[in-house]
S.K.: 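Here you go, one structure.
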Amino acid sequence: MGLMSFALGTCCYTSTYRPPYMICKATINNNNHALEAAYIRRAAELADKSAGFTSPHPNFGCVIATSSGHVAGEGYLYAQGTKPAELQAIESAGAWSRRATAYVNLEPGDCHGDHTAVSALVQAGISRVVVGMRHPLQHLRGNAVRALRSQGVQVDVLGEDLKSKIIEEARKTCLLVNAPIICRSALRVPFSVLKFAMTLDGKIACSSGHASWISSKKSRSRVFELRGRSDAIIVGGNTVRRDNPQLTARHGGGHMPVRIVMSQTLDLPEEANLWDLSEVSTIVVTQRGARRSFQKLLASKGVEIVEFDILNPREVMEYLHDRGCLSVFWECGGTLSASAISSGVIHKVFAIVAPKIIGGKNAPSPVGELGMVEMTQALDLIDVCYEQVGPDMFVSGFLQPLPDVTPVIPSVDETFAIDPTVTPHESSIIFFYKTWDPHGSFSNFSHHPIQMPDENGDYATWLSVEHYYQAQKFVGVDDPLAWECVENIKSAKSPEEAARIGRSIQRQQPDLLLGNVIKCKARPFERTHTFSFNMRRRDRIFSLLFRFLL
Ligand SMILES: NC(=O)C1=CN([C@@H]2O[C@H](COP(=O)(O)OP(=O)(O)OC[C@H]3O[C@@H](n4cnc5c(N)ncnc54)[C@H](OP(=O)(O)O)[C@@H]3O)[C@@H](O)[C@H]2O)C=CC1
Ligand SMILES: Nc1c(N[C@@H]2O[C@H](COP(=O)(O)O)[C@@H](O)[C@H]2O)[nH]c(=O)[nH]c1=O
């Protein structure tokens, strides 16, 4: 941990610190909103470090400040199931935690009885907790706030107990950090970001359709990072035909979003980079009945096909929501982007403006026909940011305000009540518990260690069922690479990371686990709860749910 010199809104790191440094002489009290806001913004900034890794869970950051204005410790959640941000901050603050204030961007989420964050705060003697926003999931909302208060800790929630313009701005940073889960819970579609690179004269390709490259190498590296923050990347059929893109996140990070192609005609090339699934999978969403023979060809390559009665961006987003997707990155051309904007599913826009002019009357632009005839109809972006990356300018902003939530992600049980057409005993749909559900401990991804016997009958501890499950793909295979895989999976920091490692080796080295396939399919320890129900128009697509998860 470095010495933090903390100015409002900025921070930089130099050498080691301990004991904690002074932020400013001012004593922290409830009226010092500028300082409180700065700490909360810092907690949000820390939380953002693990964007893409925590999905489908929120991002948490924590700052511990002493009553005299020292920052004593910081922490952020790397992934669900790893050490909570609050605990990390307390450990780094040591004895300075006593009577200190903890600033958290988000109320701790007490998933199925895990009180670690709350207990750590109480046991460390934290006297006050400032919460950027309450937990967005209804069944977790308010639990930690109540628990802390019942233990005599003062809890101040931004917007409730602390109100002012500067506090409101700090609260906004907390909303932004967890925009995907907020959107998902309030709007029931994933948080969607439309990104395009255009020339100064507003073209995303030449008249010929050639587009590589408009933006600089540095900008494109940044795009890899942005991809890594999302669960899925979407392009239209024409971009596949024209660009033959890879759509991988080549930033050296761990998280790789699934690639999705929207194509009505399925008039797509037989050979394409997107059909190479060695790094990450691809889903093609299409119109029901389109080119069955081509569907078969894609399926033989392992590409998943999902048919829709009406293929449009909203249906696809609702479908992805149902499959647990929190955030989507749109990298399509103007035809599909116009359709997505018109459907109201795009929340944020990232325009990369390169200082180049290409001209061309027929050269495409980033957004096609929206049917507007007067400038007064233009869509104004909100909270616009400008950032120079190499020679290019990144302009970003929101197309619609983030919902100010009292959101609901209904638990599986509640769904029946919400949709009376739901009949719990239909066989075509299989649901997995999410760890955030009230009975989320049934999920493989639940952070509950298990003990299982190895080949010699000795018991070993695995951090979660998912760790054990992924490792079983390679256990017993007589190959040093398989042994290494097992060790890497076993030491993975989170169940999601264990899944990433297991799935990626499985894709890249399918021969490695051939002998183990049958064993993997029969999972006697599998705690995933399956059941089925009919959700009107959605039932046609749920049968494919398994494949997304495996
Ligand atoms: N500079 C940049 O950032 C980018 C540039 N480009 C460039 O843009 C050009 C391609 O743009 P564009 O032709 O607009 O391609 P799109 O990526 O927008 O693809 C359009 C296609 O999407 C499919 N589609 C499926 N559902 C819908 C729907 N509801 N509404 C609209 N489309 C749907 C159709 O595929 P189908 O015909 O298969 O049925 C349609 O032809 C290329 O030259 C490419 O290089 C592309 C992406 C980014
Ligand atoms: N031309 C263009 C972009 N185009 C987008 O990137 C895709 C190619 O990704 P990949 O094959 O993974 O490198 C392409 O199909 C289109 O969606 N992006 C940019 O950041 N800058 C650019 O100049």
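Counting begins at 1 with the first residue of the sequence. One-based numbering, in listed order, for ligands and for the atoms of each.
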S.K.: When you measure from the heavy atoms of Arg242 to every atom of ligand 2, does any distance fall below 4.0 Å?
M.R.: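 No, that is not the case, since the closest heavy atom of the residue is not under 4.0 Å from the ligand.
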S.K.: Examine the proximity of ligand 2 to Asp243 and report which part, side chain or backbone, both or neither, has a heavy atom under 4.0 Å away.
M.R.: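 Side chain only.
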S.K.: List every atom of ligand 1 that sits less than 4.0 Å from any heavy atom of Arg241, numbering the atoms from 1 in the order shown and giving each element.
M.R.: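 Here the atoms of ligand 1 in question are 36 (P), 37 (O), 38 (O), 41 (O).
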S.K.: Among all the protein's non-hydrogen atoms, which is closest to atom 2 (C) of ligand 2, and how far away is it?
M.R.: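 It is Trp213 CE3, 3.6 Å.
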S.K.: Determine whether any heavy atom of Ile214 lies closer than 4.0 Å to an atom of ligand 1.
M.R.: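 Under 4.0 Å: yes for Ile214.
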S.K.: List every atom of ligand 1 that sits less than 4.0 Å from any heavy atom of Glu331, numbering the atoms from 1 in the order shown and giving each element.
M.R.: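 Checking each atom against Glu331, I get 47 (C), 48 (C).
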S.K.: What atoms of ligand 2 come closer than 4.0 angstrom to any heavy atom of Ala197?
M.R.: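 That gives atoms 19 (C), 21 (N), 22 (C), 23 (O) of ligand 2.
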S.K.: Taking atom types as modelled, is there a side-chain donor on Gln295 or Glu307 under 3.5 Å from an acceptor on the other?
M.R.: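 Yes, because at least one side-chain N or O of Gln295 sits under 3.5 Å from a partner of the opposite role on Glu307.
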S.K.: Kindly identify the option in Arg227, Arg220, Lys356 whose heavy atom sits closest to atom 7 (C) of ligand 2.
M.R.: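 Minimum heavy-atom distance to atom 7 (C) of ligand 2 goes to Arg227.
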S.K.: Which of the atoms of ligand 2 are close to Val223, meaning less than 4.0 Å from one of its heavy atoms?
M.R.: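 This gives 20 (O) as the contact atoms.
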S.K.: For the CD atom on Glu270, are there more than 12 heavy atoms of other groups (residues, nucleotides or ligands in this structure) within a distance under 6.0 Å?
M.R.: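 Count not over threshold, so no.
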S.K.: At less than 4.0 angstrom from any non-hydrogen atom of Thr265, what atoms of ligand 1 do you find?
M.R.: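 It comes down to these atoms of ligand 1: 36 (P), 37 (O), 38 (O), 39 (O).
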S.K.: Determine, considering heavy atoms only, which of Gln246, Arg222, Arg259, Met198 sits nearest to atom 11 (O) of ligand 2.
M.R.: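 When every heavy atom of Gln246, Arg222, Arg259, Met198 is considered, Gln246 comes closest to atom 11 (O) of ligand 2.
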S.K.: Could you please spell out the steps behind the side-chain hydrogen bond (donor to acceptor under 3.5 Å, both in side chains) verdict for Ser337 and Trp330?
M.R.: CA-CA 8 Å; Ser337 71; Trp330 294 71; over 6 Å; no
S.K.: Which ligand 1 atoms are under 4.0 Å away from a heavy-atom of Leu311?
M.R.: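 Here the atoms of ligand 1 in question are 25 (C), 26 (N), 29 (N).
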S.K.: Will you find, in the side chains of Thr282 and Arg259, an N or O donor that is under 3.5 Å from an N or O acceptor?
M.R.: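 Short answer, yes.
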S.K.: Is atom CD of Glu271 surrounded by more than 12 heavy atoms (other residues, nucleotides or ligands) closer than 6.0 Å?
M.R.: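 No.
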S.K.: Provide, to 0.1 Å, the distance between atom 39 (O) of ligand 1 and the closest protein heavy atom, together with that atom's residue and name.
M.R.: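 Among all protein heavy atoms, the one nearest atom 39 (O) of ligand 1 is Gln264 N, 2.7 Å.
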S.K.: Just do the salt bridge (charged side-chain N to carboxylate O under 4.0 Å, His left out) check on Glu315 and Arg288 with the steps written out, would you?
M.R.: CA-CA 13 Å; Glu315 289 278 326; Arg288 185 169 303 288; over 6 Å; no
S.K.: Numbering the atoms of ligand 2 from 1, which are under 4.0 Å from a heavy atom of Thr239?
M.R.: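 Result: 15 (O), 17 (O).
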S.K.: With atom 13 (O) of ligand 1 as the reference point, say which of Val316, Asn238, Val367, Val284 has the nearest heavy atom.
M.R.: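 Answer by nearest heavy atom: Asn238.
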S.K.: Using the six-membered ring wherever Trp is involved, compare the ring planes of His347 and Phe191 and label them parallel, tilted or perpendicular (cut-offs 30° and 60°).
M.R.: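 Ring orientation, 0 to 90° scale: parallel.
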S.K.: Is Lys217 in contact with ligand 2, taking contact as a heavy-atom separation below 4.0 Å?
M.R.: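 No.
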S.K.: Determine, considering heavy atoms only, which of Cys332, Gly237, Ala351 sits nearest to atom 48 (C) of ligand 1.
M.R.: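 Ranked by closest heavy atom to atom 48 (C) of ligand 1, first place is Cys332.
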S.K.: Among Ser221, Ala205, Pro245, Ala211, which one has a heavy atom closest to atom 1 (N) of ligand 2?
M.R.: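 Shortest heavy-atom distance from atom 1 (N) of ligand 2: Ala211.
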S.K.: For atom 4 (N) of ligand 2, grab the closest protein heavy atom and report residue, atom and distance to one decimal in Å.
M.R.: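 Heavy-atom neighbour on the protein nearest atom 4 (N) of ligand 2: Lys195 NZ, 4.2 Å.
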S.K.: Closer than 4.0 Å to some heavy atom of Ala197 - which atoms of ligand 1 meet that?
M.R.: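 So the atoms of ligand 1 that pass are 1 (N), 2 (C), 3 (O).
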S.K.: Can you tell me which residue and heavy atom of the protein come closest to atom 43 (O) of ligand 1, and the distance to 0.1 Å?
M.R.: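 The answer is Gly209 O, 2.8 Å.
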S.K.: Looking at atom 45 (O) of ligand 1, what's its closest protein heavy atom, distance included?
M.R.: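 Answer for atom 45 (O) of ligand 1: Asp243 OD1, 2.6 Å.
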S.K.: Considering the heavy atoms of Ala211, write down every atom of ligand 1 situated less than 4.0 Å from one of them.
M.R.: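 Ligand 1 atoms under the 4.0 Å threshold to Ala211: 45 (O).
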S.K.: One thing to verify: whether Lys172 and Glu169 come together as a salt bridge, which I'm taking to mean a side-chain N less than 4.0 angstrom from a carboxylate O.
M.R.: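 Looking at Lys172 together with Glu169, the answer is no, because their closest N to O distance does not fall below 4.0 Å.
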S.K.: Taking CG in Leu226 as the centre, count heavy atoms belonging to other residues, nucleotides or ligands within less than 6.0 Å. Is the count above 12?
M.R.: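 Result for CG/Leu226: enclosed.
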S.K.: Are Arg229 and Asp48 within salt-bridge range, i.e. N to O under 4.0 Å?
M.R.: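 Result for this pair is yes, salt bridge flagged.
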S.K.: Does either side chain, that of Asp392 or that of Ser219, offer a donor lying less than 3.5 Å from an acceptor on the other one?
M.R.: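 Their side chains do contain a donor-acceptor pair, which is all the 3.5 Å distance test asks for.
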S.K.: Which protein heavy atom lies closest to atom 6 (N) of ligand 1, and at what distance to 0.1 Å?
M.R.: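 Nearest neighbour among protein heavy atoms for atom 6 (N) of ligand 1, to 0.1 Å: Ile204 CD1, 3.8 Å.
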S.K.: Suppose I only count heavy atoms of Ala205 and a 4.0 Å limit; which atoms of ligand 1 are within that range?
M.R.: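 Counting atoms of ligand 1 from 1, those under 4.0 Å from Ala205 are 43 (O).
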S.K.: For atom 29 (N) of ligand 1, what is the nearest protein heavy atom, given as residue, atom name and distance?
M.R.: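 Of the protein heavy atoms, Ser339 OG, 3.4 Å lies nearest.
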S.K.: Tell me the protein heavy atom at minimum distance from atom 13 (O) of ligand 2, and give that distance in Å.
M.R.: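 Of the protein heavy atoms, Arg250 NH2, 2.8 Å lies nearest.
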S.K.: Please identify which atoms of ligand 2 are closer than 4.0 Å to at least one heavy atom of Ile214.
M.R.: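 It comes down to these atoms of ligand 2: 22 (C), 23 (O).
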S.K.: Working to the nearest 0.5 angstrom, can you tell me the gap between Asn244 CG and Leu274 CG?
M.R.: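 Asn244 atom CG to Leu274 atom CG measures 7.0 Å (nearest 0.5 Å).
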S.K.: With a cut-off of 4.0 Å, which atoms of ligand 1 are near a heavy atom of Gly334?
M.R.: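 Taking each heavy atom of Gly334 in turn, ligand 1 has 14 (O) under 4.0 Å.
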S.K.: So is His210 in contact with ligand 1, going by heavy-atom distances below 4.0 Å?
M.R.: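 Not so, His210 does not reach ligand 1.
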S.K.: Begin from the C-alpha positions of Lys490 and Glu487 and carry the test salt bridge (charged side-chain N to carboxylate O under 4.0 Å, His left out) through to its verdict.
M.R.: CA-CA 5 Å; Lys490 192 159 191 201; Glu487 283 315 306; 5.9 Å; no
S.K.: Only heavy atoms of Glu331, strictly under 4.0 Å: list the atoms of ligand 2 that pass.
M.R.: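 Near Glu331, the atoms of ligand 2 are 5 (C), 6 (O), 16 (C), 17 (O).
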S.K.: Considering only non-hydrogen protein atoms, determine which one is nearest to atom 21 (N) of ligand 2 and report residue, atom name and distance to 0.1 Å.
M.R.: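 It is Ser215 OG, 2.7 Å.
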S.K.: So which protein heavy atom does atom 12 (P) of ligand 1 come closest to, and at what separation?
M.R.: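 That would be Thr335 OG1, 3.5 Å.
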S.K.: Which heavy atom of the protein is the closest neighbour of atom 17 (O) of ligand 1, given with residue, atom name and distance?
M.R.: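 Among all protein heavy atoms, the one nearest atom 17 (O) of ligand 1 is Thr239 OG1, 2.6 Å.
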